[in-house]
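Structure first, commentary second.
Because the structure is a prediction, the values reported are computed rather than measured.
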Amino acid sequence: QVQLVESGGGLVQAGDSLRLSCTASGRAFSRYAMGWFRQAPGKEREFVAAINWSGSSTDHADSVKGRITISRDNAKNTVYLQMNSLKPEDTAVYYCAAQNSLSRYVSNSRYDYDYWGQGTQVTVSS
């Protein structure tokens, strides 16, 4: 069982930066691949970025490449989402998710993730 708690969301202006954090409970954090997803009002939850258990492999949605970067610190049981050059279309609730996997590959499908956080709101004004 893994419990995930996101933090770092807020209200910013277009062009600003934010760093989201997701801290996991338990001692097995390094056995999990981690992902970030987001859901805007009236839309389905969509993939943002993912990182494998060791941090050696990442994937980012085309819509965020070059602006948003996922990373992790296994010593701190934390995964991060650094978001730069934010746009109004980045406005959403951002969710952290964990997948019990030691694969070198990562998944961009929300159905592959076993545990979810409660989400943190990110609002980007124009």
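Using modelled atom types and a 3.5 Å distance limit, the side chains of Asn84 and Ser17 yield a donor-acceptor pair. Thr123 and Thr91 share no side-chain donor-acceptor pair at under 3.5 Å.
Ion pairing between Asp62 and Lys65 holds under the 4.0 Å rule for side-chain N and carboxylate O.
The two atoms that bring Met34 and Ala98 nearest to each other are SD-CB, 3.6 Å, heavy atoms only.
Both Phe47 and Val93 are part of a single hydrophobic cluster, where members link through side-chain heavy atoms under 4.5 Å apart. Taking hydrophobic clusters as Ile, Leu, Val, Met, Phe, Trp and Tyr residues chained together by side-chain heavy-atom distances below 4.5 Å, Val64 shares a cluster with Leu86. The cluster map of Ile, Leu, Val, Met, Phe, Trp and Tyr, joined by side-chain heavy atoms under 4.5 Å apart, puts Val106 and Val48 in different clusters. Criterion: ILVMFWY side-chain heavy atoms under 4.5 Å apart, direct or through other members. Under it, Leu20 and Ile68 are part of a common hydrophobic cluster.
Considering NE2 of His60 and CG of Leu81, their distance stands at 7.0 Å, rounded to 0.5 Å. Distance check, rounded to the nearest 0.5 Å: OG1 of Thr69 to CE of Met83 gives 11.0 Å. Interatomic distance, Ser54 OG to Asn74 CG, rounded to the nearest 0.5 Å: 8.0 Å. A distance of 10.0 Å separates OG in Ser126 from CD in Glu89, rounded to the nearest 0.5 Å. The distance from atom OG of Ser30 to atom CG of Leu102, rounded to the nearest 0.5 Å, is 8.0 Å.
Side-chain contact check for Ile70 versus Val79: some heavy-atom pair is nearer than 4.5 Å. Inter-residue side-chain proximity for Arg38 and Asp90 is flagged as met; some heavy-atom pair is nearer than 4.5 Å. The shortest side-chain heavy-atom distance between Lys87 and Val124 does not fall under the 4.5 Å cut-off.
Identified under the salt bridge (Lys or Arg N to Asp or Glu O under 4.0 Å) test for residues 109-126, with sequence neighbours left out: Glu44-Arg110. Listed by first and then second residue, the disulfide bond (SG atoms under 2.5 Å apart) pairs involving residues 28-61 amount to none (not counting sequence neighbours). Contacts classified as salt bridge (Lys or Arg N to Asp or Glu O under 4.0 Å) and involving residues 13-26 (residues at least two apart or in different chains) are not found. Pairs passing the ring-ring contact (aromatic ring centres under 6.0 Å, His included) check and including a residue from residues 95-126, sequence neighbours excluded, read Phe37-Tyr113, Phe37-Trp116.
For Thr78 (side chain) and Lys76 (main-chain N/O), a donor-acceptor pair under 3.5 Å exists by modelled atom type. Between the side chain of Arg72 and the backbone N or O of Asn52 there is at least one donor-acceptor pair closer than 3.5 Å. For the pair Ser57 (side chain) and Arg104 (backbone), a donor-acceptor distance under 3.5 Å is present. Looking at Trp36, its side chain never comes within 3.5 Å of a backbone N or O of Ala49 through a donor-acceptor pair.
Residues forming a salt bridge (charged side-chain N to carboxylate O under 4.0 Å, His left out) with Arg31 (at least two apart in sequence, or on another chain): none.
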Side-chain donor-acceptor contacts of residues 2-12 below 3.5 Å, not counting sequence neighbours, with atom names and distances?
unit_1, atom_1, unit_2, atom_2, d
Glu6, OE1, Gln118, N, 3.1
Glu6, OE1, Gly119, N, 2.9
Glu6, OE2, Cys96, N, 2.8
Glu6, OE2, Gly119, N, 3.2

